[in-house]
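Here is the structure we will look at.
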Protein chains: 2
Amino acid sequence: MASLNDVARLAGVSKSTVSRVINQEYGVKPATIEKVNRAIEQCGYVVNQIAKDLKSSKTNLIGVIVPRVSSHAMSASVDGLSHVFDQKGKQVLLANTRQDDARICHYLDLFNQKRVEGILLFASTLNPTVVQAIKRSSAPVVVIGQDGSPYNIPSVIHDDYRVGFCAGEQLIKAGCQQVGFLGVQAEDIAVDQQRYQGLESALTTLSQTAPLFHYQGQFSIQSGYVAMTAMLAQYPDLDGVFCATDRIAIGAIQALQAQGITPGQAVKLMGVGDDELAQVVSPSLSTFNYAFDAAGESGAKMLLELLETGQSHVSKLVMGFNYISRATCP
Amino acid sequence: MASLNDVARLAGVSKSTVSRVINQEYGVKPATIEKVNRAIEQCGYVVNQIAKDLKSSKTNLIGVIVPRVSSHAMSASVDGLSHVFDQKGKQVLLANTRQDDARICHYLDLFNQKRVEGILLFASTLNPTVVQAIKRSSAPVVVIGQDGSPYNIPSVIHDDYRVGFCAGEQLIKAGCQQVGFLGVQAEDIAVDQQRYQGLESALTTLSQTAPLFHYQGQFSIQSGYVAMTAMLAQYPDLDGVFCATDRIAIGAIQALQAQGITPGQAVKLMGVGDDELAQVVSPSLSTFNYAFDAAGESGAKMLLELLETGQSHVSKLVMGFNYISRATCP
DNA sequence: TTGAAAGCGGTACCAA
DNA sequence: TTGGTACCGCTTTCAA
């Protein structure tokens with residue numbers, strides 16, 4: 001592949017001159033420009049950004065680590081953030097951990113070697129190993145989805161505790177007295193712990209009851225189905241279920257229907273995330289709108305501010321939400 | 001940020017020696033290794049992969065261009081391909097055109113400057129400008145989703161014509177006699193043209209009729225709704241609709257229901273893609289299973305083979321599909 | 001207006 | 001076993 005040197009030789013000028021022409025610098029004789037451009041054309045020269053990056057120690061690269069991309073939350077977030085970075089001329093290096101948290105550290109290190117300017121980490125857990133890896137990263141890291149502020153890590157989170165509380169409120173308002181929670185792994189503070197605690201708080205505060213159960217499954221329709229089936233057997237009297245995600249809720253709906261129960265009547269339920277699925281499923285699923293694209297954008301902007309000013313004024317950004325009432329909890 | 005030189009000075013040895021220690025090369029005195037490692041620790045040295053990349057002219061970088069990531073097809077494909085690249089130690093540089101085809105060329109050029117080793121392009125159109133940009137790319141390009149073989153561009157495609165034909169077959173078998181097509185922009189050969197032509201061929205061959213209409217809208221539920229509403233007004237007698245994607249079909253279902261028509265009875269319909277939505281919507285949507293994750297993987301493997309052997313034995317890979325019969329076309 | 005040379009942070013060959 | 005040095009491809013003084 002042709003280099004500056006090749007072009008220079010071909011045009012019969014020096015490297016410096018070619019460099020000047022390429023970067024449209026001031027003070028090159030038009031005739032020389034012409035000569036050089038012909039040479040560039042002739043040998044199909046393409047700038048070597050690697051060499052430039054090395055020389056300037058600037059890569060315009062942003063690392064993004066995700067647990068997977070095929071979920072409403074992830075794909076919307078990635079669309080959001082990529083737009084922001086795009087406008088700033090930053091390129092996105094994408095790493096997919098496939099839900100294997102151990103790989104987070106691996107990618108954090110790899111990204112630092114590649115000299116990314118900053119890293120956006122979509123975390124489902126924030127264990128000590130990960131925190132440590134973040135701490136030793138030279139590139140600033142913004143965490144999305146979990147609260148890193150206790151470790152002084154700038155984060156964008158959803159208002160998970162309050163969502164749980166609202167869910168409790170709504171279920172109580174709808175007349176539920178036996179309410180359970182379908183969550184995920186305990187390590188997921190945001191999705192499992194916070195949402196559960198919010199619910200618990202609402203139930204104790206507003207109706208002097210405690211959640212009937214706290215099931216911990218996976219992020220899938222399948223898992224929601226299994227969970228709901230099991231809980232239904234164990235607590236035949238339950239009349240309200242708060243599901244940590246819409247997909248889990250969809251599984252729960254299917255499980256209820258399999259038992260001849262119409263969701264929204266004897267048993268009310270709701271999910272979180274406003275996945276397109278929620279609008280489409282029948283009966284339609286009451287849920288909370290989480291602005292995932294905005295969260296991605298916000299994380300990106302936060303990181304950019306961190307890069308530009310050396311520090312961000314916001315150390316923790318809590319995204320709001322809206323309750324969307326549909327058929328499963330009218 | 002500390003460099004080899006800094007470490008060398010700190011350890012009182014030469015760059016070469018530090019390099020040897022870092023790369024665990026053979027023939028360094030244990031005491032020296034110890035010294036160097038202490039120095040590395042002390043100044044927090046991190047390998048500069050940019051410098052290595054320049055020296056070795058090898059980046060381990062793969063460029064991936066997508067029109068957007070928040071769709072079932074895209075997100076599943078990206079999950080698939082990232083797994084394959086991961087295993088080979090390749091990193092993914094992700095570009096999001098946001099459905100703006102003009103940006104494809106921009107990214108192709110940018111990626112070449114960044115010296116990616118290869119490019120995976122998810123295309124919704126393959127216009128002459130794009131073809132030209134692909135041709136001048138030094139990094140090999142594999143196209144996914146559109147057939148580039150006429151231009152001698154290796155591609156992974158879905159069997160769009162045959163899907164259209166099968167859809168026609170199924171609708172006819174279900175008794176439909178007035179069948180229309182809800183497509184997308186004409187530039188999308190695969191999704192709009194091929195699927196339509198397959199349908200047309202089935203109808204003319206098997207029932208000596210022609211499609212009632214060929215509507216061209218967008219890739220969204222909303223657009224499907226609008227389209228179905230309009231077509232229903234124009235062709236009140238229609239009894240079968242083939243939708244280019246599941247999301248369009250979902251919109252169509254909602255439009256039918258808004259008119260008091262039960263999809264699957266007087267009007268049968270089916271989509272393409274086996275989006276999770278199709279399983280969840282009510283009545284459930286008959287569709288064709290496209291293995292998007294496998295398509296992503298295949299594209300990745302094809303590209304890797306191209307990189308390793310200099311040329312691929314496969315120049316066009318056609319992915320199969322399965323018909324999934326559900327309530328909208330029993 | 002142009003060229004020579006140093007340097008970004010590594011690797012690799014040759015000498016010592 | 002170690003160090004010196006050239007070089008990867010580009011930018012950027014400094015001189016000419």
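Below, read A as the first sequence line, B as the second, and so on, with proteins coming before strands; counting in each chain starts at 1. Worth knowing before you read on, the calculation uses all heavy atoms, side chains too, and leaves out hydrogens, waters and symmetry mates.
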Going from CD on A:Glu117 to CG on A:Leu306, what distance comes out if it is rounded to the nearest 0.5 angstrom? 12.0 Å
Please report, rounded to the nearest Å, how far the [atom2] atom of [N] is from the [atom1] atom of [X].
| X | N | atom1 | atom2 | value |
| --- | --- | --- | --- | --- |
| B:Glu25 | D:dT2 | CD | C1' | 12 Å |
| A:Asn48 | D:dT11 | CG | C1' | 13 Å |
| B:Met1 | C:dG10 | CE | P | 10 Å |
| B:Asn5 | C:dG7 | CG | P | 11 Å |
| B:Ile50 | C:dT11 | CD1 | C1' | 16 Å |

So for atom [atom1], which belongs to [X], do other residues, nucleotides or ligands contribute more than 12 heavy atoms lying within a distance under 6.0 Å?
| X | atom1 | result |
| --- | --- | --- |
| B:Asn152 | CG | no |
| A:Gln24 | CD | no |
| B:Lys88 | NZ | no |
| A:Gln132 | CD | no |

Quick one: sort the B:His72 and B:Phe292 rings into parallel, tilted or perpendicular, breaks at 30° and 60°. perpendicular
Polar atom pairs between nucleotides 3-5 of chain C and protein, under 3.5 Å, N or O only, would you list them?
| from | atom 1 | to | atom 2 | distance (Å) |
| --- | --- | --- | --- | --- |
| C:dG3 | OP2 | A:Ser14 | N | 2.9 |
| C:dG3 | OP2 | A:Ser14 | OG | 3.1 |
| C:dG3 | OP2 | A:Thr17 | OG1 | 2.6 |
| C:dG3 | N7 | A:Arg20 | NH1 | 3.4 |
| C:dG3 | O6 | A:Arg20 | NH2 | 2.5 |
| C:dA4 | N7 | A:Ser16 | OG | 3.3 |
| C:dA4 | N6 | A:Ser16 | OG | 3.0 |

Between B:Asp188 and B:Val184 (side chain of the first, backbone of the second, donor and acceptor by atom type, cut-off under 3.5 Å), is there such a pair? no
Side chain of B:Ser56, backbone of B:Lys52: donor and acceptor closer than 3.5 Å? yes
Of B:Pro30 and A:Leu4, whose nearest nucleotide on DNA chain D comes first from the 5' end? B:Pro30
Heavy atoms under 4.0 Å, any strand shown: does B:Asn23 hit a base, just sugar-phosphate, or nothing? sugar-phosphate
Nucleic acid contacts - residues 52-60 of chain A versus DNA chain D, non-hydrogen atoms under 4.0 Å: A:Lys52, A:Lys55
Any side-chain N or O of A:Tyr45 under 4.0 Å from OP1/OP2 of D:dC10? yes
OP1, OP2 of C:dT2 versus side-chain N and O of A:Thr32: anything below 4.0 Å? yes
Going through the distances and angles, do A:Thr32 and A:Val13 end up as a side-chain contact (heavy atoms from CB on, under 4.5 Å)? CA-CA 8 Å; A:Thr32 313; A:Val13 297; 4.1 Å; yes
